[in-house]
Amino acid sequence: MEKRRSDNTFVVQVKDTGMGISEERLAEIRQSLREKDVMDGGPSIGIVNVHRRIQYLFGASYGITIDSQAEQGAVVQICLPLTGLTSMTEERRTNVV
């Protein structure tokens, strides 16, 4: 796991050196991150839920990204803002259950 800061963004990066994620499965996960309705349940619901909550609170520039190459593992990045939360964001944070 690696943590870093850049341009007012805090990035947590988790790498594994395993088999990686197949191109087909990676495409499914990425599509879920973009389009899945969390109320539908099913695979990847946890990561989709966290991604959506981050974007709801902080905007579309933040959230979770996943990259992978066969035989080289996978990298998951979680991007969060360091500063600049608006009053709307503060209001949203108090309403998250």
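What you are looking at is a predicted structure, and each value in this text was computed from that prediction instead of being measured.
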Quiz item: Which of these, Ile47, Ile64, Thr65, sits in a side-chain contact (heavy atoms from CB on, under 4.5 Å) with Ile78?
Solution: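 The residue from Ile47, Ile64, Thr65 that satisfies side-chain contact (heavy atoms from CB on, under 4.5 Å) with Ile78 turns out to be Ile64.
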Quiz item: Considering residues at least two apart in sequence or located in another chain, which fulfil the side-chain contact (heavy atoms from CB on, under 4.5 Å) criterion with Gln72?
Solution: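 Listed in chain order: Gln69.
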Identify the heavy atoms of [X] and [Y] that sit nearest to each other, and give their distance.
X	Y	answer
Thr9	Cys79	CG2-CB, 4.1 Å
Val75	Gln13	CG1-CG, 3.5 Å
Ile21	Ala74	CD1-CB, 4.0 Å
Tyr62	Asn8	OH-O, 4.4 Å

Quiz prompt | Glu35: side chain to side chain donor-acceptor pair (under 3.5 Å) partners, not counting sequence neighbours | solution =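 Once residues adjacent in sequence are excluded, the partners of Glu35 under the side chain to side chain donor-acceptor pair (under 3.5 Å) criterion are Gln31.
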Self-check item: Atom pair CZ/NE2 of Arg34 and His51 - distance to nearest 0.5 Å
Solution: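 Result: 9.5 Å between the selected atoms.
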Quiz item: Once you round to the nearest 0.5 Å, how far does CD1 of Ile66 lie from OG of Ser32?
Solution: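 Going from the CD1 atom of Ile66 to the OG atom of Ser32 covers 9.5 Å.
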Quiz prompt | Ser68 (side chain) donor-acceptor with Gly20 (main chain) under 3.5 angstrom | solution =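 Here the side-chain-to-backbone pair does not exist.
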Quiz prompt | Joint hydrophobic cluster, Met19 plus Leu26, side-chain heavy atoms closer than 4.5 Å | solution =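 In one cluster: no.
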Practice problem: Could you list the residues that satisfy salt bridge (Lys or Arg N to Asp or Glu O under 4.0 Å) with Asp67, not counting sequence neighbours? | Solution: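 Once residues adjacent in sequence are excluded, the partners of Asp67 under the salt bridge (Lys or Arg N to Asp or Glu O under 4.0 Å) criterion are Arg30.
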Quiz item: Can you list the residues that meet the salt bridge (Lys or Arg N to Asp or Glu O under 4.0 Å) rule with Glu28, with sequence neighbours excluded?
Solution: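 Per chain and number, Glu28 pairs via salt bridge (Lys or Arg N to Asp or Glu O under 4.0 Å) with Arg25.
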